[in-house]
There are 2 protein chains.
Amino acid sequence: MKPKKRVTIYDIARKLNLTASSVSRALNNSSHVNEATKQLIVKTAAEMNYKPNTLASNLRKGKSQTIGIVVPRINQNFFSNVIAGIEETTYQRGYNLIICQSNEAHDKEVQCINTLINQHVDCIVISVASEGNDYAHLQNVIDHNIQLIQFDRVADELETLKVVNDNQQASMEAVSHMITQGYKRIALLEGPQNLDVFRQRKAGYIAALKAHGLPVDEELIVANSWTKDLAGPAVRTLLNLPQPPDAIFASRDDFSALVVLEVATDMGVKVPEQLGICGYSNEAFTEVTSPSISTIDQHSVYIGKTISNLYFQEMDNKNKDTASTPKTISIKPKLIIRSSTSR
Amino acid sequence: MKPKKRVTIYDIARKLNLTASSVSRALNNSSHVNEATKQLIVKTAAEMNYKPNTLASNLRKGKSQTIGIVVPRINQNFFSNVIAGIEETTYQRGYNLIICQSNEAHDKEVQCINTLINQHVDCIVISVASEGNDYAHLQNVIDHNIQLIQFDRVADELETLKVVNDNQQASMEAVSHMITQGYKRIALLEGPQNLDVFRQRKAGYIAALKAHGLPVDEELIVANSWTKDLAGPAVRTLLNLPQPPDAIFASRDDFSALVVLEVATDMGVKVPEQLGICGYSNEAFTEVTSPSISTIDQHSVYIGKTISNLYFQEMDNKNKDTASTPKTISIKPKLIIRSSTSR
DNA sequence: CTGAAAGCGCTTACAG
DNA sequence: CTGAAAGCGCTTACAG
């Protein structure tokens with residue numbers, strides 16, 4: 001069976017003794033086309049099961065109604081939520097999403113970007129890979145006149161639209177909350193410090209301690225080492241210190257917070273009475289553990305929506321020829337106080 | 001600032017006093033082109049920061065090197081993992097992914113499909129929405145000669161390639177395992193029964209009981225009602241029965257299993273001694289609770305890889321004109337035995 | 001090995 | 001309101 005050809009506007013035109021021009025106009029709801037023939041054309045197109053060729057239309061119009069997204073990992077909660085948020089908002093406007101994952105590798109990130117440029121996407125949304133600090137490929141996006149929007153992990157030096165989480169502020173609030181609850185020796189589980197977002201969380205932790213006149217004890221700061229096998233022992237060591245902490249801010253994520261909870265339970269350390277615990281990212285399970293775990297919600301879906309709205313707004317501005325200043329929108333994460341820090 | 005035009009093969013040709021034909025051939029590594037000029041062309045293209053226009057190339061070639069994916073929700077673990085798997089395999093071959101979410105709504109699913117048809121994707125991968133049982137839009141995909149691959153939630157009546165999970169077999173194994181461990185009154189937490197996959201899990205549960213000569217007690221089968229507020233009370237009711245279960249198969253997912261664990265702990269019911277628990281889907285947290293929770297791994301990333309491999313294989317067959325029979329590949333989920341069912 | 005030409009399916013100024 | 005024509009950027013048989 002040879003692939004039968006698709007119906008084109010020429011086929012419709014031929015059938016109705018019209019020209020492709022008219023068919024095109026009718027189908028695009030353009031003015032200057034007789035209402036009766038328009039009706040006829042639309043009806044006939046449906047009958048013939050006509051599907052417009054977006055490729056041709058986009059080539060002609062010089063835009064693709066497509067947004068490209070590059071994230072380190074598609075199947076990481078935060079990112080898949082952001083993508084879902086972007087999808088929701090852009091879909092209504094008839095935009096498509098092309099999605100790539102960099103796998104945290106700079107090489108692949110460059111390749112993804114090139115593919116998206118070749119695809120003539122109208123906009124590229126990216127959260128940069130942890131590896132590499134050469135941003136020539138992103139500059140290339142700008143040079144090709146494609147709107148670039150960075151989020152979460154951003155290259156500061158590039159002047160682009162940015163949507164970020166205020167990690168420092170959120171961390172500061174979380175730690176301040178714990179101090180208010182009477183915790184005095186608060187430990188920090190670091191996330192990977194090569195990423196800015198985790199450095200910000202650490203900075204927030206330190207700022208909170210200082211603001212409340214508490215000392216920063218290096219002994220209580222645990223470097224990121226969260227393979228499954230290392231997590232437990234690290235926490236155990238912490239809790240076995242001569243002067244153990246009375247609270248732990250698991251700034252990496254809720255999984256590390258869960259490990260803390262498990263180790264504490266296992267050692268007979270009561271949460272929240274003897275040990276406060278706060279995680280990060282509001283994974284679904286934090287609500288259902290006992291005690292439930294305090295954490296920080298990043299509003300990831302909302303971040304996605306913000307990104308797309310920012311894009312559409314920017315497009316409007318360009319049409320109006322308003323000067324567009326590169327701006328950064330900071331989303332305030334929300335501290336979710338649950339039982340694990342309430343005493 | 002007006003958008004500057006991109007470099008085309010004509011620009012390169014002009015610069016080198018050649019024709020677009022030659023440039024095209026050189027850039028596509030085609031034969032019949034002098035090695036020296038080829039080198040020159042490639043070098044010049046790079047210097048001019050030339051990016052091919054995939055839109056034009058695809059229009060001309062009549063294919064898009066793009067695969068469309070439609071899932072109920074992008075940000076659901078299972079689906080985002082499948083997508084990641086597809087991405088990994090297709091990326092190497094230079095394919096792009098256009099991703100849509102149906103939000104479980106039939107209307108939106110139809111719209112997604114139409115968009116993908118218009119985009120001239122080469123293949124559509126879909127897991128159908130829970131709503132609706134009219135599959136005209138999928139038939140339309142086939143009619144447009146686009147390869148259709150269904151996965152997980154499939155419309156049986158359509159003759160397409162299918163990649164499914166053997167939910168029944170996996171559930172049967174899980175329940176049999178619990179029986180082997182000495183549990184005798186095993187309860188079932190159902191998933192939404194309008195979806196085939198959850199009906200299969202229930203069937204596996206019943207089959208296991210029957211195979212081991214155990215009675216099926218309707219009292220022990222709890223309908224899906226997993227809003228956060230309803231989960232706890234439902235489990236509590238179950239455990240307060242005059243003849244309570246000594247094990248629970250949370251066939252819906254690991255979150256419901258976690259609820260069971262929390263309620264049991266709260267009631268002083270020892271897991272696994274007095275109550276066995278098995279979840280479904282191998283969420284990351286199941287490994288780190290105490291006791292760790294037995295569950296079923298669906299190999300979701302592998303499912304994604306299988307889907308793309310199936311597609312490439314099918315393409316090869318078509319090129320060889322081999323008769324292509326619609327086939328179903330069944331992935332065997334893996335029972336992960338942990339502490340919550342080991343006594 | 002290279003060039004001239006047609007065409008993928010559409011849109012859109014330009015006439016009438 | 002409708003048509004004829006050009007062109008988006010590329011690829012590919014057809015000549016030479």
Side-chain angles (χ1 to χ4, degrees), chain A residues 3-42 44-45 48-66 94 117-122 144-145, chain B residues 3-42 44-45 48-66 94 117-122 144-145:
Chain A
K4 47 191 168 239
K5 299 255 301 167
R6 291 200 186 186
V7 177
T8 72
I9 52 172
Y10 280 90
D11 298 325
I12 301 174
R14 203 172 304 123
K15 185 158 203 166
L16 297 175
N17 261 328
L18 290 166
T19 58
S21 318
S22 299
V23 175
S24 172
R25 280 189 280 254
L27 260 21
N28 288 297
N29 235 325
S30 124
S31 52
H32 307 303
V33 48
N34 180 290
E35 187 58 33
T37 54
K38 181 177 183 170
Q39 299 280 321
L40 181 63
I41 289 171
V42 170
T44 311
M48 297 174 77
N49 198 11
Y50 166 75
K51 303 280 174 190
N53 185 330
T54 314
L55 252 43
S57 158
N58 288 342
L59 173 60
R60 177 57 227 259
K61 291 195 285 195
K63 58 194 208 48
S64 64
Q65 290 266 106
T66 300
I117 294 177
N118 297 354
Q119 285 280 340
H120 275 237
V121 295
D122 298 335
H144 277 87
N145 219 52
Chain B
K4 50 190 168 239
K5 298 254 303 166
R6 290 199 185 186
V7 177
T8 71
I9 52 173
Y10 279 91
D11 298 325
I12 300 173
R14 203 172 305 124
K15 185 159 203 165
L16 297 176
N17 262 328
L18 289 167
T19 58
S21 318
S22 299
V23 175
S24 172
R25 279 189 281 253
L27 260 22
N28 289 297
N29 236 323
S30 125
S31 52
H32 307 303
V33 50
N34 181 290
E35 189 57 34
T37 53
K38 180 175 181 171
Q39 300 279 320
L40 181 63
I41 289 171
V42 170
T44 311
M48 298 174 77
N49 197 13
Y50 166 75
K51 303 280 173 190
N53 184 331
T54 314
L55 253 41
S57 159
N58 288 342
L59 174 61
R60 177 58 227 259
K61 291 195 283 196
K63 58 193 207 51
S64 64
Q65 289 267 104
T66 299
I117 293 178
N118 297 353
Q119 286 280 341
H120 275 236
V121 296
D122 297 336
H144 277 87
N145 219 50

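Labels below follow one simple rule: chain letters A, B, ... track the order of the sequence lines, proteins then strands, and each chain is numbered from 1.
Atoms CD1 (B:Ile9) and P (D:dG7) sit 16 Å apart, rounded to a whole Å. Atom P of nucleotide D:dC10 and atom NZ of B:Lys51 are separated by 13 Å, given to the nearest angstrom. The CD atom of A:Gln39 sits 16 Å away from the C1' atom of D:dC1 (whole-angstrom rounding). If you take NE2 of A:His120 and C1' of C:dC10, they are 16 Å apart, rounded to a whole angstrom. Between the P atom of D:dC10 and the CD1 atom of B:Ile41 lies a distance of 13 Å, rounded to the nearest Å. The distance from atom CG of A:Asn53 to atom P of D:dC8 is 18 Å, rounded to the nearest whole Å. One can place OH of A:Tyr10 at 11 Å from C1' of C:dC8, the figure rounded to the nearest angstrom. Atom-to-atom, CG of B:Leu59 to P of C:dC10 comes out at 9 Å; the value is rounded to the nearest Å.
Taking CG from A:Asn118 and CD from B:Gln65, the interatomic distance works out to 12.0 Å, rounded to the nearest 0.5 Å.
Among the protein residues, B:Thr8 comes within range of the sugar-phosphate backbone only, with heavy atoms under 4.0 Å from sugar or phosphate atoms but none that close to a base. Residue contacts shown for B:Thr54 are absent, as no nucleic acid heavy atom lies under 4.0 Å away. Within the 4.0 angstrom heavy-atom criterion, only backbone atoms of the sugar-phosphate kind lie near A:Ser57; the bases stay farther away. Within the 4.0 angstrom heavy-atom criterion, no nucleotide atom of any strand lies near B:Asn58.
Contact between B:Lys51 and A:Ile117 at its shortest, heavy atoms only, is CG-CG2, 3.7 Å. Nearest heavy-atom pair across A:Thr44 and A:Lys15 is CG2-CD, 4.2 Å. B:Val42 and B:Ala26 make their closest contact through CG2-O, 4.4 Å (heavy atoms, listed as atom of the first residue, atom of the second, distance). Of all heavy-atom pairs spanning A:Ala45 and A:Ile12, the tightest one is CB-CD1, 3.7 Å. In this structure, B:His144 and A:Asn49 approach most closely via the heavy-atom pair CE1-ND2, 3.5 Å. Here the closest heavy-atom approach between residue A:Leu55 and residue B:Gln119 is recorded as CD1-O, 3.7 Å.
In terms of the side chain to side chain contact (heavy atoms under 4.5 Å, CB included) criterion, residue partners of A:Ala56 (sequence neighbours excluded) are, by chain and number, A:Asn53, B:Leu59. Listed by chain and number, the residues in a side chain to side chain contact (heavy atoms under 4.5 Å, CB included) with B:Ala20 are B:Ile9, B:Tyr10 (sequence neighbours excluded). Checked against side chain to side chain contact (heavy atoms under 4.5 Å, CB included), B:Ser57 has the following partners two or more places apart in sequence or in another chain: B:Lys61.
One finds a side-chain N or O of B:Thr37 lying less than 4.0 angstrom from the OP1 or OP2 phosphate oxygen of C:dT2. Regarding contacts with the backbone of D:dG3, a side-chain N or O of A:Ser22 is found under 4.0 angstrom from either OP1 or OP2. Remark: A:Tyr50 is in phosphate contact with C:dC10, judged by side-chain N or O atoms under 4.0 Å from OP1 or OP2.
Judged by closest nucleotide on DNA chain D, A:Glu35 is the one of A:Glu35 and B:Ser24 placed further toward the 5' end. Nearest-nucleotide positions on DNA chain C for A:Ser21 and A:Ala56 put A:Ala56 closer to the 5' end.
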Bracket string, DNA chain D, 5' to 3' - pairs by Watson-Crick or G-U geometry under 3.5 Å, | interstrand: |||.||||||||.|||
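Put simply, the side chain of A:His120 does not reach to within 4.5 Å of the side chain of A:Asn58, judged on heavy atoms. Taking 4.5 Å as the limit, some side-chain heavy atom of B:Leu27 sits within range of a side-chain heavy atom of B:Ile41.
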Atom pairs, N/O to N/O, protein against nucleotides 14-16 of chain D, distance under 3.5 Å?
none

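Contacts with DNA chain D (heavy atom under 4.0 Å) in residues 11-19 of chain B: none are found.
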